[in-house]
Amino acid sequence: MAELLSGKVVAAAIRTELAARITQLGFAPRLALLRVGEHPDDLAYIRSIERQCAALGIETEHFALPLGSTTGELLRAADAINIRRDLHGCLLLRPLPEQIDEAAVCDALAPEKDIDGMSSRSLGALFVGDRTAFAPCTAQACIELLDYYHLPIAGLHAVVLGRSLVVGRPLGQLLLQRDATVTVCHSETRDLAALCRGADLLISAVGQPGLVNAGYLRAGQIVLDVGTTMQGDRLLGDVNAADAEALVRAWSPVPGGVGAVTTAVLLRNLVTAAERAVKRR
Ligand code: NAP
């Protein structure tokens with residue numbers, strides 16, 4: 001039976017660390033939540049973040065623009081956030097509507113407030129190993145899970161399914177920085193099952209429930225499931241739970257795995273941004 005890597009446990013440990021750092025700061029860090037429209041997924045995510053912020057004494061401020069907003073309006077909102085010294089970080093809810101140049105909006109955020117590592121500057125910094133920039137939170141959350149459970153990364157063959165700028169590609173870089181040998185797979189990858197079976201560490205960020213089944217797994221592997229797909233009222237991961245439990249050494253499920261850690265990492269980045277703002281004064 002596989003060891004369960006619980007994201008809830010890791011997130012709780014991060015929140016405990018944050019409570020102490022916020023007390024040390026002596027003021028409430030403030031998070032800007034920038035969104036366009038009223039998409040139910042965005043609103044649910046914001047409610048969950050607000051609950052966690054309230055529990056830690058972090059303040060939130062909404063920048064809610066109408067669905068038909070233009071790129072120019074989003075850029076002005078980003079500027080307004082950038083110049084506010086009392087706002088320490090910004091979460092931009094994505095994806096943005098099609099008419100908006102999402103990359104331009106991400107790039108308009110001041111690097112020190114880009115706590116989700118979305119801008120090309122933050123991603124470039126990750127690529128060259130500059131650790132002062134924030135890495136995308138979900139990618140970082142995978143590393144946090146492995147570290148918390150003292151699972152070594154160096155020397156492993158890590159196979160990442162998915163190459164998005166949000167998860168797969170930055171995660172590949174983070175794993176490389178930690179001396180893994182990394183294979184990043186995508187929809188055109190051939191012999192995916194064989195590649196996955198060859199992995200010591202397998203991380204799936206695709207969004208296809210059940211994609212990773214017994215044919216992709218073997219004994220001794222560590223498996224992280226990042227994929228999330230709503231089917232009715234159920235949240236499903238990419239990994240077949242019964243197969244992972246029966247076959248591998250350790251795995252993180254959906255729900256209760258990487259997703260739980262992602263928000264904790266975001267809030268930790270916010271607190272780090274607030275600490276750096278104090279030092280710059
Ligand atoms: P995305 O932008 O849609 O990327 C999906 C990736 O999967 C693409 O690179 C795609 O390849 C690849 N892919 C598609 N079919 C594949 C297949 N059969 N075999 C191998 N690769 C395949 O999605 P994303 O934003 O990276 O998110 C991925 C998943 O993670 C989603 O389910 C999302 O909901 C979830 N997620 C979870 C969290 C969290 O905190 N837990 C955060 C972010 C995302 P191509 O590049 O060739 O199209």
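As the structure is a prediction and not an experimental result, all values here were calculated from the model. All ligand and atom numbering here is 1-based and tracks the order in the structure.
Sorted by first then second residue, the salt bridge (charged side-chain N to carboxylate O under 4.0 Å, His left out) pairs that include residues 135-154, not counting sequence neighbours, are Glu144-Arg268, Asp147-Arg178.
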Checklist entry - Can you check side-chain contact (heavy atoms from CB on, under 4.5 Å) on Cys90 and Ile115, steps first, answer last? => result CA-CA 6 Å; Cys90 175; Ile115 57 169; 5.8 Å; no

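Inter-residue side-chain proximity for Asn240 and Val212 is flagged as unmet; no heavy-atom pair is nearer than 4.5 Å.
Other residues, nucleotides and ligands contribute at most 12 non-hydrogen atoms within 6.0 Å of the CZ atom of Arg121.
Under the rule for a side chain to side chain donor-acceptor pair (under 3.5 Å), Glu188 has no partner lying at least two apart in sequence or in another chain. Qualifying side chain to side chain donor-acceptor pair (under 3.5 Å) partners for Ser122, counting only residues two or more places apart in sequence or in other chains: Asp114, Ser119.
Using a 4.0 Å heavy-atom criterion, the residues that approach ligand 1 are Thr138, Gly162, Arg163, Ser164, Val167, His186, Ser187, Leu192, Ala205, Val206, Gly207, Gln208, Val226, Gly227, Thr228, Gly259, Thr262.
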